[in-house]
K.L.:
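Supplied in structure tokens, the structure appears directly below.
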Amino acid sequence: MSEVPYPPPGHVLARLGLQVGRLGDRSAGALRLPDRGPASPLDLALRAAAAVSALDVVAMRCLAQSGAGPAVTADLGASLVAGALQGPLLLQARVVRRGRSLAVLAVDLGEVGAAEVSAALLGDHGPRPLPVADPVGPPVLPDAPAELSPATFGLRANAAGGWLLEPGPAVANRVGKLHGGVQAALALVTGVERRRPQEPSVLPGALDVELAYLRATDGPLLARPGSQDPGALSVLLEEPAGGPPVAWAGIGFAGRLAA
Amino acid sequence: MSDEGSIGPRWEGPADPVSAWLGLALEEEPPAGDAPAAVIGRAPASPPLLLAGGRLAAGPLAALVDTVGGMTCGLALQPDWVVTSTLTLLVGPDPWPEGGTLVARGGLLHAGRRSAASQVLLGSPEAPEASAVALISSARVRVPTLSNRPRPLRRPAPEPELGRPLAALVDLATSQERSEPVRVELADTLRNPLGILHGGLTAVLADAAARRLAGPSWTVRRLSLRYLVPATTGPVRARARVRPAGTGALTAQVEIVDEGHDARQVATAQVTLAEP
């Protein structure tokens with residue numbers, strides 16, 4: 001197989017500027033968020049999506065470095081401190097346990113929060129991802145901040161007032177399916193939009209996001225929010241043509257952003 | 001739960017202390033049209049599911065979710081059964097309206113060769129999705145004694161007497177020093193039909209450990225557990241680390257270990273707490 005550079009130019013991970021390195025049995029990541037804190041619910045959702053994209057990648061690179069073989073993210077949960085989603089974002093992932101078919105990883109995001117990732121180990125049955133060789137040593141923090149717009153994550157406002165995630169090479173993972181991080185972005189943007197009418201001027205202090213990836217897809221995807229209290233919301237990600245859901249997301253808000 | 005570890009069939013009858021403790025009745029709703037099969041749980045909206053002040057108690061609520069969501073996944077994979085690998089619960093900020101019945105609707109999202117997932121929506125009969133949302137991811141296991149349950153499932157709440165040994169669990173958050181971890185012996189009433197610590201009760205321990213450390217004014221809004229290996233021996237210990245997350249919110253990381261089994265870690269939990 002010829003070496004194909006991943007992520008390619010224009011890819012969501014390249015636009016976020018995510019850098020990954022190896023620190024012993026851990027993987028580390030670095031990206032730079034805008035220097036000031038989130039200014040709006042949409043801004044907060046996009047920063048959270050950048051963090052979730054990064055932690056998913058760093059966790060799965062850590063698992064790959066451990067010799068686990070082909071694997072996919074099964075689910076992840078992150079608790080993010082909204083006010084800390086600014087400036088340098090440094091992550092470190094470690095394997096908590098690796099079984100025969102399932103692995104659990106912990107990701108430390110420093111002041112920003114913490115996350116856990118469950119990965120399904122595919123053995124000989126899984127697709128072979130494009131190879132990535134992470135340099136040994138801490139990742140170099142990029143000078144430029146991440147590009148944060150809905151388009152970075154392949155999102156486009158649709159006529160129904162929601163968001164559509166459009167597929168393409170820029171939002172694909174290493175096996176050509178929709179990247180988990182952009183699915184997180186669709187869920188987060190949708191969830192935060194649901195919260196906006198209730199508390200237009202107060203951003204939450206803690207933003208919790210849970211994602212369960214149910215099946216791989218080439219997209220496109222729509223988000224269908226539940227009818228719950230917006231403090232604890234479920235969002236189903238579905239293909240416009242119908243069929244079983246592609247992913248489930250739970251989004252929670254607590255507290256207020258410190259002044 | 002990991003696919004490894006020494007678990008085996010142990011279930012010898014209809015006894016279910018957790019459902020008895022919660023007053024939980026279960027009913028299966030067969031598929032209709034495009035709607036997949038669902039499992040409906042109903043329980044009195046009262047302690048242990050409610051805390052003082054009418055807030056939903058996340059730990060016992062997670063035990064209910066584990067039962068309803070696990071049953072939804074398990075029925076979809078019959079004649080096999082499931083063990084929970086991830087349990088996620090997000091609770092809304094509003095207090096529960098006075099009394100009534102708490103309804104939990106478990107809907108199947110995915111059933112595959114090795115795993116299944118179900119969503120559980122919780123609320124009142126009038127607003128059945130309004131109060132909390134949850135997800136159960138589970139791994140398929142072959143357990144002959146649990147196979148071929150009669151369908152559709154109809155199970156009234158077990159006799160309350162059966163759940164009485166679990167009553168002390170509600171005091172775990174307040175009964176010892178705040179800095180002490182939560183610790184329980186692995187009595188038979190805390191085990192599931194496979195003979196291991198019940199996944200929902202693991203969540204109760206995580207909830208109690210976080211609330212004990214945070215203090216009585218905080219309520220749990222998010223409880224997210226990943227099960228690593230079965231807790232088989234006991235005592236089981238849950239220790240939390242808490243840190244602030246903006247104004248009016250805390251996050252906690254909880255490590256749950258089986259002290260009697262080389263203190264190996266059996267689950268990890270993330271908890272978000274908020275002030276009412």
Side-chain angles (χ1 to χ4, degrees), chain A residues 74-84 96-106 111 113-118 120-121 203-208 210-215 226-236 242 244-245 247-259, chain B residues 1-5 34 36 85-86 88-94 108-112 114-115 117 119 121-123 127-137 139 221-222 224-229 243-253 264-265 267-275:
Chain A
D75 57 67
L76 64 82
S79 187
L80 305 173
V81 178
V96 176
R97 180 174 168 80
R98 203 178 92 194
R100 274 197 306 270
S101 61
L102 200 64
V104 174
L105 298 102
E111 296 288 305
E116 289 172 349
V117 177
S118 301
L121 308 179
L203 293 175
L207 173 60
D208 296 325
E210 300 280 349
L211 274 145
Y213 299 101
L214 305 171
R215 63 186 179 91
S227 57
Q228 300 89 9
D229 183 305
L233 183 70
S234 66
V235 179
L236 287 174
W248 177 94
I251 298 174
F253 306 99
R256 300 171 302 285
L257 189 66
Chain B
M1 183 75 64
S2 164
D3 47 348
E4 293 166 29
D34 290 341
S85 53
T86 300
T88 287
L89 171 69
L90 294 159
V91 183
D94 295 331
L108 188 71
L109 295 176
H110 163 79
R114 299 197 302 186
S115 63
Q119 172 181 244
L121 302 173
L122 301 111
E129 299 185 4
S131 299
V133 300
L135 183 94
I136 293 287
S137 294
R221 296 278 302 280
R222 170 195 179 225
S224 181
L225 284 101
R226 286 175 173 78
Y227 299 89
L228 307 174
V229 289
R243 64 181 183 180
T247 303
L250 299 173
T251 61
Q253 187 75 37
R264 69 175 181 175
Q265 187 176 358
T268 177
Q270 292 188 298
V271 185
T272 301
L273 305 102
E275 285 183 317

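Excluded from the calculations below are hydrogen atoms, water molecules and symmetry mates; all remaining heavy atoms, backbone and side chain alike, are included.
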K.L.:
Please rank A:A212, A:G113, A:P204, A:A82 by heavy-atom pairs under 4.5 Å with chain B and give me the top one.
P.N.:
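The answer is A:G113.
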K.L.:
Return yes if some donor-acceptor pair links the side-chain N/O of B:S85 with the main-chain N/O of B:S137 below 3.5 Å, else return no.
P.N.:
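Confirmed, B:S85 side chain pairs with B:S137 backbone.
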K.L.:
Is it the side chain or the backbone of A:E116 that comes within 4.5 Å of chain B heavy atoms, both, or neither?
P.N.:
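Both the backbone and the side chain of A:E116 come within 4.5 Å of chain B.
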K.L.:
For the atom pair CG (A:D75) and CH2 (A:W248), what is the distance rounded to the nearest 0.5 Å?
P.N.:
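Nearest 0.5 Å value for the CG-CH2 distance: 10.0 Å.
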K.L.:
Given that the side chain runs from C-beta out, which part of B:S115 has a heavy atom under 4.5 Å from chain A: side chain, backbone, both or neither?
P.N.:
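Contact with chain A involves no heavy atom of B:S115 at all.
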K.L.:
Identify the two heavy atoms, one from A:R215 and one from A:P244, that lie closest to each other, and give their separation to 0.1 Å.
P.N.:
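Smallest interatomic distance, heavy atoms only, reads NH2-O, 2.9 Å.
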K.L.:
What option among A:L214, A:L80, A:L207 has the most heavy-atom pairs under 4.5 Å with chain B?
P.N.:
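Top count of heavy-atom pairs under 4.5 Å with chain B: A:L214.
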K.L.:
Just give me the residue among A:A115, A:A74, A:G226, A:G242 that pairs up with chain B most often, heavy atom to heavy atom, under 4.5 Å.
P.N.:
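If we count pairs closer than 4.5 Å to chain B, A:A115 comes out on top.
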K.L.:
Which region of A:L236, side chain (C-beta onward) or backbone (N, CA, C, O), has a non-hydrogen atom less than 4.5 Å from a non-hydrogen atom of chain B, or is it both or neither?
P.N.:
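Only the side chain of A:L236 comes within 4.5 Å of chain B.
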K.L.:
Heavy atoms only: give me the nearest B:S224-B:R222 pair and the separation to one decimal.
P.N.:
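Minimum heavy-atom contact is CB-NH2, 3.8 Å.
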K.L.:
If you apply the rule salt bridge (Lys or Arg N to Asp or Glu O under 4.0 Å), what do you find for A:D208 with B:R221, and how did you get there?
P.N.:
CA-CA 10 Å; A:D208 296 325; B:R221 296 278 302 280; over 6 Å; no
K.L.:
Does atom CD of A:E111 have more than 12 heavy-atom neighbours from other groups under 6.0 Å away?
P.N.:
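No.
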K.L.:
For the interface with chain A, which of B:P244, B:P128, B:A134 has the highest count of heavy-atom pairs at distances below 4.5 Å?
P.N.:
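Among the listed options, the one with the most contacts to chain A is B:A134.
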K.L.:
Examine whether an atom of B:A267 lies under 4.5 Å from a heavy atom of chain A, and if so say whether it belongs to the side chain, the backbone or both; otherwise answer neither.
P.N.:
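For B:A267, neither part sits under 4.5 Å from chain A.
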K.L.:
Would you mind telling me which of A:G250, A:A103, A:S118, A:P245 has the largest number of heavy-atom pairs within less than 4.5 Å of chain B?
P.N.:
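If we count pairs closer than 4.5 Å to chain B, A:S118 comes out on top.
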K.L.:
How about B:Q253 and B:T268: does a side-chain donor come under 3.5 Å of a side-chain acceptor?
P.N.:
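Checked: B:Q253/B:T268 side chains pair up, N/O donor to acceptor below 3.5 Å.
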K.L.:
Check each atom of A:A206 against the heavy atoms of chain B and say whether the ones under 4.5 Å are side chain, backbone, both or neither.
P.N.:
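Both parts, backbone and side chain.
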K.L.:
For B:L121, is it the side chain, the backbone, both or neither that has a heavy atom under 4.5 Å from a heavy atom of chain A?
P.N.:
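For B:L121, side-chain heavy atoms alone lie under 4.5 Å from chain A.
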K.L.:
Decide yes or no for B:L89 and B:L122: does some side-chain heavy atom of the first lie under 4.5 Å from some side-chain heavy atom of the second?
P.N.:
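Yes; the side chains approach each other to less than 4.5 Å.
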K.L.:
So which part of A:L121 gets closer than 4.5 Å to some heavy atom of chain B, the side chain, the backbone, both or neither?
P.N.:
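Just its backbone gets close to chain B.
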